[in-house]
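Keep in mind it's a predicted model, so treat the numbers as computed, not measured. Letters go in sequence order (proteins before strands), and every chain restarts at 1. Quick note: numbers below take in every heavy atom, side chains included, and nothing from hydrogens, waters or symmetry partners.
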Amino acid sequence: MSSQPDLRVKLGPLDLKNPVITASGTFGYGREYKDIVDPNLLGGIILKGLSLKPRAGNPPPRIVETPCGMLNAIGLANMGLDAFMKQELPRLQTLDTAVIANIYGHSIDEYGELAAALKGVDGISAIEVNISCPNVERGGMAFGTDPDVSAEVTGKVVRNTDKPVIVKLSPNVKDIRIIAKAVEEAGAHALSLINTITGMAIDIETRAPKLANITGGLSGPAIRPVAIHMVYQAVQTVDIPVIGVGGIMDSRDALEFLIAGAHAVQVGTANFVAPRATLDILEGLKIFCRDNDVAQISELIGSLKIAE
Amino acid sequence: MSSQPDLRVKLGPLDLKNPVITASGTFGYGREYKDIVDPNLLGGIILKGLSLKPRAGNPPPRIVETPCGMLNAIGLANMGLDAFMKQELPRLQTLDTAVIANIYGHSIDEYGELAAALKGVDGISAIEVNISCPNVERGGMAFGTDPDVSAEVTGKVVRNTDKPVIVKLSPNVKDIRIIAKAVEEAGAHALSLINTITGMAIDIETRAPKLANITGGLSGPAIRPVAIHMVYQAVQTVDIPVIGVGGIMDSRDALEFLIAGAHAVQVGTANFVAPRATLDILEGLKIFCRDNDVAQISELIGSLKIAE
Amino acid sequence: MGLRSPEIVADAKPGQFVMIRVGSGIEPLLRRPFSICGRQGNDVFLVLYRVVGKGTAIMAETEKGGRLSVLGPLGNGFELPKPGQTVVLVAGGIGVAPLFSLAQAVKEKDIQFMAGFGSSDEIIRMDPINDLNGINISFSTDDGTKGHAGLVTDLLDEYLKKNRDRSDSMSLFICGPLPMLKRVAAMALDHNISCHASLESAMACGLGACQGCAVRSSSQEKTEFYHVCKDGPVFPIGTIDWNSL
Amino acid sequence: MGLRSPEIVADAKPGQFVMIRVGSGIEPLLRRPFSICGRQGNDVFLVLYRVVGKGTAIMAETEKGGRLSVLGPLGNGFELPKPGQTVVLVAGGIGVAPLFSLAQAVKEKDIQFMAGFGSSDEIIRMDPINDLNGINISFSTDDGTKGHAGLVTDLLDEYLKKNRDRSDSMSLFICGPLPMLKRVAAMALDHNISCHASLESAMACGLGACQGCAVRSSSQEKTEFYHVCKDGPVFPIGTIDWNSL
Ligand SMILES: Cc1cc2nc3c(=O)[nH]c(=O)nc-3n(C[C@H](O)[C@H](O)[C@H](O)COP(=O)(O)OP(=O)(O)OC[C@H]3O[C@@H](n4cnc5c(N)ncnc54)[C@H](O)[C@@H]3O)c2cc1C
Ligand SMILES: Cc1cc2nc3c(=O)[nH]c(=O)nc-3n(C[C@H](O)[C@H](O)[C@H](O)COP(=O)(O)OP(=O)(O)OC[C@H]3O[C@@H](n4cnc5c(N)ncnc54)[C@H](O)[C@@H]3O)c2cc1C
Ligand SMILES: Cc1cc2nc3c(=O)[nH]c(=O)nc-3n(C[C@H](O)[C@H](O)[C@H](O)COP(=O)(O)O)c2cc1C
Ligand SMILES: Cc1cc2nc3c(=O)[nH]c(=O)nc-3n(C[C@H](O)[C@H](O)[C@H](O)COP(=O)(O)O)c2cc1C
Ligand code: FES
Ligand code: FES
């Protein structure tokens, strides 16, 4: 084998130079980490959730730490489509990595409009459809926990774009396989899972919720076992590739997802804990491949051994 | 106020001397902890899940540690009803605390049979119906994630017993309120939530699941935000009391649940980490009440302040 | 504590902060923000902290010579007051930290430093600024065990009354617990004195990426929220919606 | 490490173990099981451990004089061999630990102690038993840097061949990695020698409450599973289904 393992992976129509991607909402537009992480070294970056109109987001406090995790209730604060096109897109177009827009709409039509607006736009490699945000009143998770609506949103986006469509699923369901199947049948090219798990924390001194929004989304290592399980369930159900996300802190965690069957991984909360986490994970994957005589990282995907 | 706060709480028809109960499967039959915890000091103990026939349980490995939590796939190993009546019941009848049997059946009828067998039995204060175990092929969680079946099981048990019926719900659902409502309407006297969240972990060296059962139930502090959220949702939906369980390690955690609206709490994984956890929690609750001029701990229940 | 990092020392401006990872594990998970309160030579910057929870407790156990992962310098820092201004620094408790670094950086010195604490035994060592020329330090304690018995806002109130004619040439910089900040902000707005506050907020990234550290702005038109880590931690008081805090 | 606990020292039998909470926090969450390998006087018992992961790494950082939460003694411990028996102890790596305590407890001594390691630099200090009378210690190392070059089972094999006539009066006690245990168990069954193995397993409670530490029994009729923490950690080899391990 060559001493440099081949880290390339395919997400359906999308080629990635390696399987390490930043998770939406945890890496801004890449710009915020510019002194720390060169995005061109990564498999891709997924941008902060984008809506048609600017969104101010939820009132603070918006984040609170929990055991091995955190709750966030950002509320999809973002500059909106127009400002994004003007202020962020030009710089993103100069990047040599997969730049994936994460979109969120209030209605099925809004998802369609966003997809249409990004159609043919240079510099956006794929669209991740967020039907799983727990921190907004309308749309978001309400869509992603219903198989029919999930399929409808997916179909709408697929019809309105020429780009690969990744649908990001919510773990707040009884059976992820049903949603995964519905979304696949509606034409998605890949799935991301999981988004955050709904949770809550209370300040016992003030007796008030620790988040102004009352509830938030749980992320971080605490949720990793749940994420791995859902990825494992999904890859057995659908034929499209799955991107694993949830609690990945280091390369060992990333490997768990790849072995479970994920074609790539997203790194979220870890970016806060260790801003260089993505690069460290990449390095760790290389070392693992070398130490284990894995010439192509794609060999690891789904290599889970289940005893009879 | 008196310097000794009144810690008594009511779970519908069931009076507890204090709100601290051991969670099923984590405290055996109390016997195992005899040198460490006097069960008579607790509000109650919930026994290991009991089935009609003895169950050997799942093959090992059955447990694995995860970030701030653990996965278990015990598979409801237990001695079965007959052995329980002979070997464990006599000693339990001498206890001066609420002894709650946790029952599990393969079928709705089995739940009924178990309830009938415990009808009128001295020394069993209440029945907790486990419709939420993720580690068995049949029954268990498959029942507890379907509102109709949950209601059917509940009704069956209620009709077959003269004891208060507590139904233990699964967090592996889209909306806990639907199940909570269904179970209440079917006649349950109280709810326990949550049971464990389904999860999985993989050994990247052997590329095999870390549990022989492949998946397991996640417990411990990692899941506490999810549990608090579900308790909060449930208490707003039903009129029967809710017992909070999930990740309670100390009295501050227990207080979060009480403030969220739980009438009592169950302590599970913490018993492994600190075998005296229940007693420490009790002590902490007393101190909190004293420090905050709370004469009766029941004042705290549901005292959550939500800003307009 | 002193932390050796020539890079941070070289880059840091007064009022900026760092995000410290208090352990190497995943619990507690997030980094903690701390103001840079000064420096020792060209290699070491100083952080002054109060143990309030598990993160700071772990920091207090970190041994001398140990290594910590530090991200920074972050945030905007203070805009230095124009020459000729009377610089009034008002701190509550650990809020002295960023103001120390500002006091050290002010060139032409005419500094009033007012620091309020609960009790004399909580008073933080002032040696980073004790020897500065042109600085006038006064204390208040809630229990009267040192300096004025009462709030630090009383000291300010008195000072402002005495120097009413000079309010045009005053620059206020404040840091401390929220009630104190609110009160001083109200006074400054009242007297129409230039005033900058260093705010705190829960933070995850410290880099402007997560939007976790939002604070409501006073002007909806401009933006509904600022982010303490990026737009702050220092804000002209007029830009913040103090009622929301 | 030595841990002061007169209660545990007073109660402990050879082969029992303790559950140690390696920190005071919630990560890592669970206690770790360790054999009691001996005692110093009436107050201190000894634990011998190898750093394999984060729990043992934290233990290694625990300072002298620090406090650890220890639960024990737990488990059944070894049944002491009948007088007149030749006691054969076979250990792999850190498996020496429980056998040390057994060697010390055997009254009428005729002890063969065979210990296998990867390499000479991994050999654990044998001083707890070096000075015992009537003990005969032999080593094997995988790389041949000390003692026999090969497996500890080779030593046993040779010994059994030499002493074939005495197998009736032999008592084997074994502890170590699974492949070694399996092989020795097979040899003992072959030669029909009494043999007890100290097993390991993932554990949560250590008290027989959680049923997490199950190990499959050889006889379905009696029980399908034993629990290492309560029924063990020491098992007569015939009671265990070695194929399931
Ligand atoms: C820009 C900025 C600069 C800061 N500079 C300093 C500094 O120079 N020195 C310093 O000591 N602290 C400073 N802080 C506050 C410091 O970040 C917190 O005290 C620290 O994060 C607490 O961590 P912990 O793990 O010990 O507490 P936690 O375990 O997270 O919390 C324990 C308790 O402390 C309370 N708490 C949490 N954060 C704060 C806070 N910000 N203020 C008061 N109580 C809090 C919590 O509500 C909780 O009750 C700064 C904060 C910000 C945002
Ligand atoms: C009854 C009993 C007695 C024991 N006595 C001793 C003793 O006297 N001395 C001693 O050093 N150890 C002993 N062990 C093993 C010890 O409990 C583990 O090594 C320890 O729990 C590992 O903790 P960790 O956090 O460092 O490793 P983890 O972080 O939990 O695991 C790290 C790595 O070590 C591996 N690992 C985990 N447990 C073991 C194990 N049991 N053996 C080998 N590798 C493991 C894991 O698979 C993982 O790859 C005993 C175990 C039992 C059940
Ligand atoms: C602060 C924060 C903001 C997030 N914003 C978004 C978002 O805008 N869109 C989205 O699809 N997911 C969002 N997520 C979810 C993450 O992309 C990811 O799915 C989740 O955090 C789990 O991964 P992790 O445990 O690695 O963080 C956000 C998560 C966090 C913590
Ligand atoms: C080892 C183990 C065994 C369990 N067995 C049962 C059981 O038999 N019946 C049941 O209803 N719940 C069982 N549970 C779930 C607990 O009672 C509890 O709901 C869950 O662990 C969450 O609480 P915790 O985080 O405090 O542990 C078990 C949990 C563990 C960890
Ligand atoms: S802390 Fe992340 S944006 Fe400020
Ligand atoms: S470790 Fe809990 S039963 Fe053995």
Segment of B:A274 engaging chain D (4.5 angstrom heavy-atom cut-off) | both

Nearest heavy-atom contact between D:G212 and B:R62 is O-CB, 3.6 Å

Taking everything shown except B:R91 itself, do over 12 heavy atoms lie less than 6.0 Å from its CZ?
-> yes

Does some side-chain heavy atom of B:P275 sit less than 4.5 Å from a side-chain heavy atom of D:R31?
-> yes

Roughly how far, to the nearest 0.5 Å, is the OG1 atom of B:T269 from the CD1 atom of D:I26?
-> 11.5 Å

Do D:R32 and B:E65 sit within salt-bridge range, that is, some charged N less than 4.0 Å from a carboxylate O?
-> yes

First locate atom SG of D:C229, then atom CD of B:E32, and finally report the distance between them rounded to the nearest 0.5 Å.
-> 9.0 Å

Flag side-chain contact, heavy atom, 4.5 Å: B:N72 against D:C210 = no

With a 4.5 angstrom heavy-atom cut-off, could you sort out which part of D:M19 is near chain B: side chain, backbone, both or neither?
-> neither

How about D:E79: does its CD atom have over 12 heavy atoms from other parts shown lying under 6.0 Å from it?
-> no

Side chain, backbone, both or neither of D:L207 within contact of chain B (heavy atoms, under 4.5 Å) = both

Neighbour count >12 (heavy atoms, 6.0 Å) for atom CG, D:N42 = no

Based on non-hydrogen pairs under 4.5 Å, which of D:S201, D:C213, D:A209, D:S69 is most in contact with chain B?
-> D:A209

Contacts of type disulfide (SG to SG under 2.5 Å), residue D:C205, not counting sequence neighbours | none

To the nearest 0.5 Å, how far apart are CD1 in B:I63 and CD in D:Q211?
-> 11.0 Å

Do you know which two heavy atoms are closest between B:T66 and D:E27, and how far apart they sit?
-> O-OE1, 4.0 Å

Are B:M79 and D:T223 close enough that some pair of their side-chain heavy atoms sits under 4.5 Å apart?
-> no

Is it the side chain or the backbone of B:P59 that comes within 4.5 Å of chain D heavy atoms, both, or neither?
-> both

Neighbour count >12 (heavy atoms, 6.0 Å) for atom CZ, B:R252 | no

Taking side chain as C-beta onward, heavy atoms only, is B:M70 less than 4.5 Å from D:L30?
-> yes

Closest contact, heavy atoms only, B:P60 versus D:F225 | CD-CE2, 3.6 Å

Choice from B:P67, B:G220, B:A56 maximising heavy atom contacts with chain D below 4.5 Å = B:A56

